[in-house]
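Below is one structure, written out as structure tokens, with a few remarks after it.
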Amino acid sequence: FQNNTYQQQQIQFHCSAMANSMNGESDVSLSFRQKANFMRKWQPGSAPSNRDKLELYALHKQAISGDAPESLTTQSAAERAKYQAWRNKSGLSQSEAMRLYLQESERQVRVYGHQQQSALADNPQAANQR
């Protein structure tokens, strides 16, 4: 069930990207926006490592905001880690950060999978076939 739901989501993702690219939005920008929306809703089958979470955060932040500011105003350890991960992406163009975000998010979905319940909730017909 997991693979079938994921494949359906990927087909919808690519069809939507093709339709919107005809409206003038760049393929990378559109794909990035759609993948970021997908990743917000994604429920991994196993918990991603902090390193992987920071990698996606940093690429997303670089893609949206560009280079991190020179100084950090927060003192929490979590915020410092996020800031440092973002700073490590300095110099990447926003379009390159988008492209890398797409690659990294695909890798994480492959590595961490999907929760079984989420697949059934997304596909009620699959739940009825059990």
Side-chain angles (χ1 to χ4, degrees):
F1 296 122
Q2 289 176 341
N3 287 339
N4 192 21
T5 300
Y6 178 69
Q7 288 171 348
Q8 289 172 347
Q9 289 170 336
Q10 289 300 303
I11 291 168
Q12 290 171 348
F13 173 79
H14 291 293
C15 288
S16 180
M18 287 173 38
N20 287 329
S21 69
M22 292 179 196
N23 294 332
E25 188 171 2
S26 81
D27 288 343
V28 172
S29 176
L30 176 64
S31 295
F32 168 78
R33 194 165 42 86
Q34 290 175 332
K35 185 55 108 176
N37 286 335
F38 171 82
M39 294 303 285
R40 278 187 206 99
K41 299 172 191 168
W42 176 52
Q43 296 181 358
S46 61
S49 69
N50 285 339
R51 181 179 180 196
D52 282 347
K53 289 179 194 177
L54 285 171
E55 181 69 11
L56 265 190
Y57 169 83
L59 289 169
H60 186 272
K61 193 75 171 167
Q62 184 71 17
I64 297 298
S65 303
D67 290 348
E70 292 294 322
S71 62
L72 175 66
T73 58
T74 185
Q75 295 301 319
S76 83
E79 290 300 315
R80 280 194 308 271
K82 289 165 106 180
Y83 172 79
Q84 191 57 51
W86 181 20
R87 286 277 299 163
N88 289 339
K89 302 302 177 196
S90 290
L92 274 180
S93 70
Q94 288 178 284
S95 62
E96 181 66 5
M98 287 179 192
R99 190 184 67 73
L100 291 171
Y101 178 92
L102 291 168
Q103 288 178 348
E104 179 61 18
S105 61
E106 283 295 319
R107 185 193 71 80
Q108 288 191 27
V109 168
R110 280 193 315 272
V111 169
Y112 297 108
H114 296 279
Q115 278 187 1
Q116 184 74 17
Q117 290 178 333
S118 129
L120 294 175
D122 290 341
N123 187 356
Q125 292 176 348
N128 293 335
Q129 293 173 359
R130 291 185 100 193

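Computed over heavy atoms, backbone and side chain alike; hydrogens, waters and symmetry mates excluded. Sequential numbering from 1 along the given sequence is applied to the chain's residues.
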Within the side chain of [X], is there an N or O that forms a donor-acceptor pair under 3.5 Å with the backbone of [Y]?
X    : Y   : value
Y101 : K61 : no
W86  : L54 : no
S31  : V28 : no
Q94  : I64 : yes
Q108 : P48 : no
Y83  : P69 : yes
S65  : Q62 : no

Do you know which two heavy atoms are closest between A58 and A85, and how far apart they sit?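 So the two residues come closest at CB-O, 3.3 Å.
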
With side chains defined as the heavy atoms from C-beta onward, is the minimum distance between [X] and [Y] less than 4.5 Å?
X    : Y    : value
M39  : V109 : yes
E106 : Q103 : no
M98  : S29  : yes
L92  : L59  : yes
S95  : F32  : no
Q75  : R80  : yes
D52  : E104 : yes

How about R40: does its CZ atom have over 12 heavy atoms from other parts shown lying under 6.0 Å from it?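 Count over threshold, so yes.
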
Measure from NZ or CZ of K35 to the centre of the six-membered ring of F38, then state whether that distance is under 6.0 Å and the direction lies within 45° of the axis.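 Yes, K35 lies over the aromatic ring of F38.
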
